[in-house]
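What you see is a predicted model, and the numbers here were worked out from it, not measured in a lab.
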Amino acid sequence: MALVGLTVRVPTISHMSPVSRGRKPKKSKNRPSGRSGAGSPRAGRAQAGSAAEVSPVDLFVGSRERPAWFDPTIAAVLDGSGAVLAADGPRVLEEATVELVGGQIRHAVRDVRRGLWVDWWFAQLTEATAARIHDELDRGGTGWEGPWRLLHGLSAIGSPALASGATTAARRLAAKVARAGGPGEARWLPAMRRLSSTGEVWHLCDAYGSRIGVIAGFTYPGGVDPSVFLFDVDACGMVTVVNAGVYDDVAQAVAAWRAFAGESASDAEPAAAQRADELVCLAYADHGGEIFQGDESDSALDNWFRTSRRLHELADALRRRGTPLPRATNLHRDLDAGPLVDAFATWYSDRHGNPPAPEPLDALAYEWIEGRLPGTWHAASPHRVRHIRGLISDWVDDPVTKEASALLPDWIRWHAEQTDLPEHLLAASLAAVADNLDRPDLGAPCMT
């Protein structure tokens with residue numbers, strides 16, 4: 001089972017707000033106004049960049065030259081590697097490594113904003129770390145100790161492909177380190193690369209139905225440093241891991257997720273996952289690789305590599321248990337909004353005494369469901385409303401744009417009735433209809 005988010009992607013910073021890929025003509029009476037366009041949603045995101053800010057080469061494929069930001073950020077990590085010497089076990093070392101690496105990924109995404117070949121950067125950091133260890137050992141100094149631990153930390157947080165470089169380098173240097181009198185108190189270092197999922201998983205969802213928390217148990221060999229990892233998944237638009245992190249136990253992770261998700265998650269309670277389809281969000285989670293929106297949270301960037309690693313380990317454990325994650329399907333093809341359209345039209349007619357115009361309703365319905373996670377079609381969070389408004393606003397010169405926008409408040413009310421959404425949460429979604437789409441924060445995950 002290959003998880004979305006574990007593959008290397010085209011490096012870029014995409015737009016900060018949703019962009020429609022244009023409406024296309026009806027193919028039949030029952031298939032109106034789809035907007036699947038050419039390519040994936042990632043292609044749509046890439047097309048939205050400003051040529052004045054990012055060159056086409058950077059935007060679509062990135063420069064093949066080694067980016068200038070590599071050297072200073074790698075040097076910063078290595079110069080700070082002395083901080084990992086205080087680690088007294090695998091989990092502490094892993095966290096220290098995440099802090100060092102995450103700080104530089106934040107800088108690259110928020111300040112550099114181009115040439116974001118972060119997988120390449122990770123590989124270069126690994127090589128530089130191994131070289132620093134080798135050179136320091138040859139000099140007979142002690143400057144190799146921090147980088148030596150850092151190398152093991154990299155083997156714990158990198159995806160399997162990236163971690164293999166750190167593991168190989170550590171094995172090649174092990175004998176030389178031992179001859180130099182390697183620190184005896186760190187006999188647990190080789191265990192860093194053997195982190196594994198326990199197969200225990202819990203899930204919970206907010207009142208809207210589009211903010212999902214998945215909490216999975218992990219441990220090092222021999223049951224050392226057990227912990228849980230939180231995947232905070234937002235499915236209001238593209239299914240994205242918007243926050244992540246390691247916690248002591250389920251209760252602590254739940255508290256963190258509620259704080260991330262906001263008021264709509266205040267009453268959510270975790271349940272042990274018994275079926276693979278309860279974790280379907282992870283099969284579609286858009287995370288990792290080398291594509292960025294530019295508005296990622298601190299925890300998402302700090303855990304950029306570790307989240308992909310934990311996804312891989314969890315998927316592998318579920319597969320061994322006989323409950324693999326569901327296979328991801330194309331969410332932009334073979335869509336049937338007919339049941340939603342018919343049910344809403346009946347509701348609307350009962351409410352207003354006349355049916356809604358079919359063309360704008362069809363257009364709104366297909367934009368609403370296209371690319372959306374199965375099981376979330378009735379989710380009408382403020383974030384999703386803003387996302388849809390952004391898409392509709394990009395139907396340039398389309399005559400149904402105004403009519404579809406006018407239907408949106410009733411569309412939200414109808415969805416809220418299907419899920420028994422509390423009135424105060426419905427009010428927040430209706431308020432989002434009037435939000436200013438020029439605000440740069442509207443592309444961010446809903447926090448209420």
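- For the pair S196 and D316, the minimum side-chain heavy-atom distance is 4.5 Å or more.
- In this structure, the ring of Y220 has its center no less than 6.0 angstrom from the ring center of W188.
- Seen from the ring of F218, R310 counts as a face-on cation partner, given the 6.0 Å and 45° thresholds.
- Annotation: side chain of S227 is in contact with side chain of R91 (closest heavy-atom distance under 4.5 Å).
- Proximity of W148 to L189: side-chain heavy atoms (C-beta onward) are separated by under 4.5 Å at one or more points.
- With sequence neighbours left out, the ring pair (Phe, Tyr, Trp, His ring centres under 6.0 Å) criterion links Y247 to no other residue.
- The CG atom of L425 lies 8.5 Å from the CG atom of D206; values are rounded to the nearest 0.5 Å.
- Here the CG-CD distance, from L408 to E367, works out to 11.5 Å after rounding to the nearest 0.5 Å.
- Pairs engaging residues 413-432 under the salt bridge (Lys or Arg N to Asp or Glu O under 4.0 Å) rule: D410-R413 [sequence neighbours left out].
- Between the side chain of T168 and the backbone N or O of G165, no donor-acceptor pair lies under 3.5 Å.
- Checked by atom type, the side-chain pair H387/R372 shows a donor-acceptor distance below 3.5 Å.
- Inter-residue side-chain proximity for F229 and T307 is flagged as met; some heavy-atom pair is nearer than 4.5 Å.
- Closest heavy-atom contact between S155 and A163: O-CB, 3.4 Å.
- In this structure, the side chain of W257 does not engage the main chain of L230 through any donor-acceptor pair within 3.5 Å.
- Going from atom CG of L318 over to atom CG of L282 covers 8.5 Å, rounded to the nearest 0.5 Å.
- Listed here is the closest heavy atom pair of C205 and G209: SG-CA, 3.4 Å.
- At least one side-chain heavy atom of T419 sits under 4.5 Å from a side-chain heavy atom of H378.
- The ring pair (Phe, Tyr, Trp, His ring centres under 6.0 Å) test applied to H203 returns no partner, not counting sequence neighbours.
- Considering every non-hydrogen atom in both G294 and V109, the closest pair reads CA-CG1, 4.2 Å.
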Could you please spell out the steps behind the side-chain contact (heavy atoms from CB on, under 4.5 Å) verdict for W121 and V77?
CA-CA 12 Å; W121 178 85; V77 173; 4.2 Å; yes
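- Using a 4.5 Å cut-off on side-chain heavy atoms (C-beta onward), L340 and W414 make contact.
- In this structure, OG1 on T129 lies 14.5 Å from NE2 on H134, to the nearest 0.5 angstrom.
- In this pair, F344 and W411 present their aromatic rings perpendicular. The plane angle is above 60°, beyond the 30 to 60° band.
- Side-chain contact check for Y284 and T329: at least one donor-acceptor pair (N or O, by modelled atom type) lies under 3.5 Å.
- Residues passing the side chain to side chain donor-acceptor pair (under 3.5 Å) test with R106, sequence neighbours excluded: D298, D302.
- For E269, the salt bridge (charged side-chain N to carboxylate O under 4.0 Å, His left out) partners are R258, not counting sequence neighbours.
- Side-chain N or O atoms of N303 include one that pairs as donor or acceptor with a backbone N or O of A244 at under 3.5 Å.
- No side-chain heavy atom of H415 sits under 4.5 Å from any side-chain heavy atom of L421.
- When all heavy atoms of V228 and G217 are compared, the closest pair comes out as CG1-CA, 4.2 Å.
- Ion pairing between a basic and an acidic side chain is recognised when a charged N comes within 4.0 Å of a carboxylate O; E94 and R149 show no such pairing.
- Listed by chain and residue number, nothing satisfies the side chain to side chain contact (heavy atoms under 4.5 Å, CB included) test with A123 (two or more places apart in sequence, or in another chain).
- Considering CZ of F260 and OG of S297, their distance stands at 6.5 Å, rounded to 0.5 Å.
- Evaluation of the side chain to side chain donor-acceptor pair (under 3.5 Å) rule for T323 yields R321 as partners, not counting sequence neighbours.
- The aromatic rings of F305 and F122 sit tilted, their planes meeting at an angle between 30° and 60°.
- Closest approach of R384 to C236, counting heavy atoms only: CG-O, 3.4 Å.
- With sequence neighbours left out, the salt bridge (charged side-chain N to carboxylate O under 4.0 Å, His left out) criterion links D342 to no other residue.
- Taking 4.5 Å as the limit, every side-chain heavy atom of W69 sits out of range of all side-chain heavy atoms of Q104.
- Between the side chains of T240 and D234, not a single donor N or O lies within less than 3.5 Å of an accepting N or O.
- Considering only residues two or more places apart in sequence or on other chains, D225 meets the side chain to side chain donor-acceptor pair (under 3.5 Å) condition with none of them.
- Annotation: salt bridge (charged side-chain N to carboxylate O under 4.0 Å, His left out) contacts of D79 (sequence neighbours excluded): R132.
- Partners of E95 under the salt bridge (charged side-chain N to carboxylate O under 4.0 Å, His left out) rule, at least two apart in sequence or in another chain, are R306.
- In this structure, CD1 on I412 lies 10.0 Å from CD1 on I388, to the nearest 0.5 angstrom.
- In this structure T346 satisfies the side chain to side chain donor-acceptor pair (under 3.5 Å) test with no other residue, sequence neighbours excluded.
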